[in-house]
Amino acid sequence: MIEMIDGYPKYMRESIKKVEETRQDRVDKLPKPMSMSERKKILNKFHPDFDPKGKRKVRTGPNKGDIVPNEVADLLEAYPSIAPKDIDLSNIDYDVDVLVIGGGMAGTVAALWALKEGIKKDKILITTKLRHGDSNSIKAQGGIQCADREEDSPAMHYLDVIGGGHFANKPELARALVTDAPKILDWHEDLGVMYDRDNGKYLELSGGGTSRFRLHSAKDYTGLEIMRVLRDESINQGIEVIEFASAIELLLDDGGKVAGALLYNMETEEYSIARAKSTILATGGFGRLHIQSYPTTNHYGATADGLVMAYRAGANFVDMDTVQYHPTGAAYPEQIVGQLITEKVRGLGGQPVNKDGKQFVFPLEPRDVEAAAIIRECTERNKGVKSPTGMVGIWLDTPIIEIIHGKGAVKENLHAIYRMYERFDIDVTKDPILVFPTLHYQNGGVEIDVNAATSVAGLFAAGEVEGGVHGKNRLMGNSLLDCNVFGLRAGISAAKHAKKTKLGKLTLQHVEKYTKNLEKNKIKPKMRSPMLLPEYREEDVLARRLRLST
Amino acid sequence: MEIAYYPGCTLRTSAKNFESSSIAVADHLGITFKELSQWNCCGTVYSLASDDLMKHLAPVRVLIRAQEDNKENGLDNKLVTLCSMCYNTVKMANHLVKNDEEKLDTINQFMDEEPDYEADVNVLHFLQLLDEIGIDRIKENTKKSLEVLNLACYYGCYLLRPEEASIDEEPEAPSIMERIMEAAGARTIDYPFKNECCGSYLTVTEKKYTAERTYKIISSVVNRGADAIVLSCPLCAFNLDRRQKQAKELHANMKSIPIFYFPQLLGLAFGINSNELGFNMHYVDPRPLLKEKRLIKR
Amino acid sequence: MAETEKITIYAMGKAYKVPAGLTIMSALEYAGYQYIRGCGCRSGYCGGCATIYRREGDYKLYTDLACQTPAEDGMYLVQLPFVPANKSIYDLDKIEPMETTLVEHYPEIVKCVSCNTCTKACPQDLDVMYFIQAAKIGDFKEVAELSFDCIQCGLCAVRCPADIAHYHVAQLARRIYGKFINEKVEQLTKRLNEIEKGVYDKELNKLMKMNKAMLEKAYKKRKIEGTK
Ligand SMILES: Cc1cc2nc3c(=O)[nH]c(=O)nc-3n(C[C@H](O)[C@H](O)[C@H](O)COP(=O)(O)OP(=O)(O)OC[C@H]3O[C@@H](n4cnc5c(N)ncnc54)[C@H](O)[C@@H]3O)c2cc1C
């Protein structure tokens, strides 16, 4: 048995002591931010996303020839999980104007705005894989960006978004994002979302890669606070939600428009047909693909199903070549490895330091740069700390926050993090925490225009599943904003589209065609998709698993 | 003097003037009510309804808060309450656990997240505290005598019954409230209903029944020349004040009179600003009477 | 590698041997369960993995989140992924915040006997009983603050002898607080007007027309607030 002292093995305490020794001196001394060329160098050498072995060209479909992570390519080059001939499309179970796939924040926002746009409540349906709100959205801790201060402007916000995205963003999407932000916050206030305030003004923090303090938070439960209010409102409005019902393929009509989805009851394994004049894809991201075997911050259902479905229906992607790793995931204790340590920790003054208690990077670089610097520290420079299970990480000095902002500041602003570690006897107001980058965000996705419309008629997309807003790299706080801005736009556009649309006969021919194309492109699929749930059962168990035939 | 103080829910909702006037009066006498650092409902709803130990958790939790706060603040181990219902519930729970060690044990065991209750808190009603402080202090502080008022003191049930909870040595013929009001100069009348029930919670389901009781009580005191009723229970106050509306519908000849919480009138006697005493919160507006008697400005 | 220590857990009464050092959630997965229900965010934010357990030799039932709680030897476990508690349906715009508003929507809160079982059940260690007490007297601020970290797992409601749905009561109180008691922030309203009037259009148009080199230059020139 390893000897433990307040949550840490004794040997790790030696390094913690060094962190304590340098703490006071570090309070107002920070390393300089990197220049553009330094950034480039470190990214190329250390960031997993810059490792060419992690990616390949996808060999079929609308983006044939484009680079995507291997794990995504595998899903796109997989067989569908159904045979279209087994599905009876003549029996419609749900006949609605607007179908929302995914009950996270983007989906819920879209449903509420479709309602506001005049679609009757019984003509809107949300279908979701887990429970309503079990999503990446509810886990967002840090906050949401909105340029509302005198010292700030939508133009500054725009420049931050574009620069953070390595200048690859679709300009009109970035503009929509920053100019709608105040409207979104105003709407949230009307719904009763409790954003942090300080003397009648918003309490605004800075985030990585942002030039102004503009992060609005609700303690470190921002996503939870917004999501539970939106969910409450959607229940009050009487919008129907079917839980544990995943969409597994989109349906088209004979005119080629998207016309709803094939749903799968996760519990009874029945399928059902949801016909819809407009369909909104809001299935979120892909963290549970564990790209390059990284642990992830994402929720259980983040398996890229939306990408697969949309791609088979003919929608194209943008910026799917980059993946966001959050610089600070928990690296110890083992039970919470990969879970997010919000950037707000660094926004409040928390500092990354190595095993000698020395600083090695400006704490608020853009995420990719910050992550690369941490990886360099742990690999090439060998200045990381090894956990008892072999995970290497660097320290994130949390106690320093209490020196900067006064006693109690950690509990006041980072209660979720405090609570998470308290369960393992670690007091983050007294001791630093061990962190390492973790798989966090799908930067690109299904391409949309400013109205959240995809390249296929009748299909709209909002939130993490779509791409173009953030270019090659998303900045903290812009994703919750994205869900709301494009959720709103998708809801309105879908409503408008539904009002003027007549559907033809339903078909799954696109799925058959896609399967044939796999053969044509000489692809030998390794699996079926969409994935729906990640596999965490023990190999021994799976090896002996029987599927009884009856 | 500082004393731990337990307000209870009603004083924060429908009987705010009871609280504000009490605090003002206490303040005037140099008593500071130190509100418990945290408190819960006294549990009266269950006390009235059933008879298991569950119902005592709420009042005992209040007593534990008092015990702990008093330790922390170095105060005498006392607790004062205003609302008769809270007083009665907390007092009786205290009585129960003081006299039944086994029940105290069971309750302490259930509330394992709290320190054990040592059954040592002394629960007082504000009237008792005033009596303890002394009639002389009230006399000394009276600037404007209430001699112009003829009052009917109304006790209802919870200040007197059961015997163990009685604030007066003679539950059948109480006089503590009279003593206090007279010390402030008021005249009081004797009448047969002062320790009878006001109808209590029947007011929710049997409005008419309570209205009849209200009629009986009010006509009895009016016939004996009372200008107003003083009391100490928000529920009695509700029935005797608000139910005058229904009583009048049943008996058109009934004369309306105002219903006061006792500290409201003591406050006037002490010269406390009438804004603090909450005369605007009554159904039967007492201000015309008070103006007529020149107790407040016209 | 050394053989890892094994512990025995009981999934709904059935014994499985799993390695020590896992959460309840990963221990059950190790044992061969694939979650459909009872697993959501996997980091303590969604309340989807509410779990009731007992330790061998102890008569008490405990509650916590499967994804955040270390599995221990001799744990008897069952998950509660759904709570059928009543939620009041309301139009927030039509609510007038009064002392009695919460009692009107959730009359059962007056039946609280202060047994504190809710507080003991809360995996977030919130003062659940005291926010219900505050709800009874319409103290929205107190309810909002005490309940802020509520993840709405529903364990409080499951354990309450008075059938109170604490988490729904708190949700209404927080929305009332957020909407009616928190005042709108002036700078937001001002910015909204400016955007509506097109104050920033010119600058944004200019930025949108810039090529990459020009943007890079502008980006480099930014002054970062909070740095020297
Ligand atoms: C730990 C963490 C912290 C974060 N912090 C921040 C932050 O501070 N600020 C910020 O701006 N962003 C943050 N983000 C990012 C942000 O929260 C997400 O990008 C965003 O909320 C995604 O919203 P969404 O609605 O698009 O997807 P989600 O919220 O993930 O919702 C997608 C929903 O679709 C469901 N679904 C998936 N597949 C299917 C299917 N086949 N059929 C039906 N339903 C399906 C999912 O179960 C889920 O409920 C954070 C993300 C994580 C993981």
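Note on naming: letters A, B, ... go to the chains in the order of the sequence lines (proteins, then strands), and numbering restarts at 1 for each one. Just so it is clear, the structure is predicted and the values come from calculations on it, not from any experiment. Computed from heavy atoms alone, side chains included, the values below leave out hydrogens, waters and symmetry copies.
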For C/Tyr45 and A/Gln141, test the side chains for any donor-to-acceptor distance below 3.5 angstrom and give the result as yes or no.
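There is such a pair between these side chains.
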
Polar side chain donor-acceptor pair, A/Ser211 to C/Lys223, under 3.5 angstrom
no

At a heavy-atom separation under 4.5 Å, does C/Ala71 approach chain A through its side chain, its backbone, both, or neither?
neither

Side chain from CB out, backbone as N, CA, C, O: work out which of these in C/Asn211 comes under 4.5 Å of a heavy atom of chain A, or both, or neither.
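For C/Asn211, neither part sits under 4.5 Å from chain A.
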
Residues C/Tyr30, A/Tyr536; criterion ring-ring contact (aromatic ring centres under 6.0 Å, His included); working and verdict
CA-CA 7 Å; C/Tyr30 181 94; A/Tyr536 295 127; over 10 Å; no

Taking A/Asp232 as the fixed residue, which of C/Gln152, C/Arg175, C/Gln171 is the one that meets the side-chain hydrogen bond (donor to acceptor under 3.5 Å, both in side chains) rule?
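Answer to the side-chain hydrogen bond (donor to acceptor under 3.5 Å, both in side chains) test with A/Asp232 among C/Gln152, C/Arg175, C/Gln171: C/Arg175.
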
Quick one: of A/Arg537, A/His166, A/His299, who has the most non-hydrogen atom pairs under 4.5 Å with chain C?
A/Arg537

Most contacts with chain C, counted as non-hydrogen pairs under 4.5 angstrom, among A/Asp152, A/Asp220, A/Thr389, A/Thr297
A/Asp152

Is [X] close to chain C through its backbone or its side chain, or both, or neither, when contacts mean heavy atoms under 4.5 Å?
| X | answer |
| --- | --- |
| A/Ser153 | both |
| A/Leu130 | side chain |
| A/Ile162 | side chain |
| A/Leu224 | side chain |

Can you tell me how far the NZ atom of A/Lys129 sits from the CD1 atom of C/Ile36, to the nearest 0.5 Å?
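Rounded to the nearest 0.5 Å, the NZ-CD1 separation comes to 11.5 Å.
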
Basic-acidic side-chain contact under 4.0 Å: C/Asp64, A/Arg423
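Yes, this pair counts.
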
Are A/Arg228 and C/Phe148 in a cation-pi setup, meaning NZ or CZ lies under 6.0 angstrom from the ring centre and within 45 degrees of the ring axis?
yes

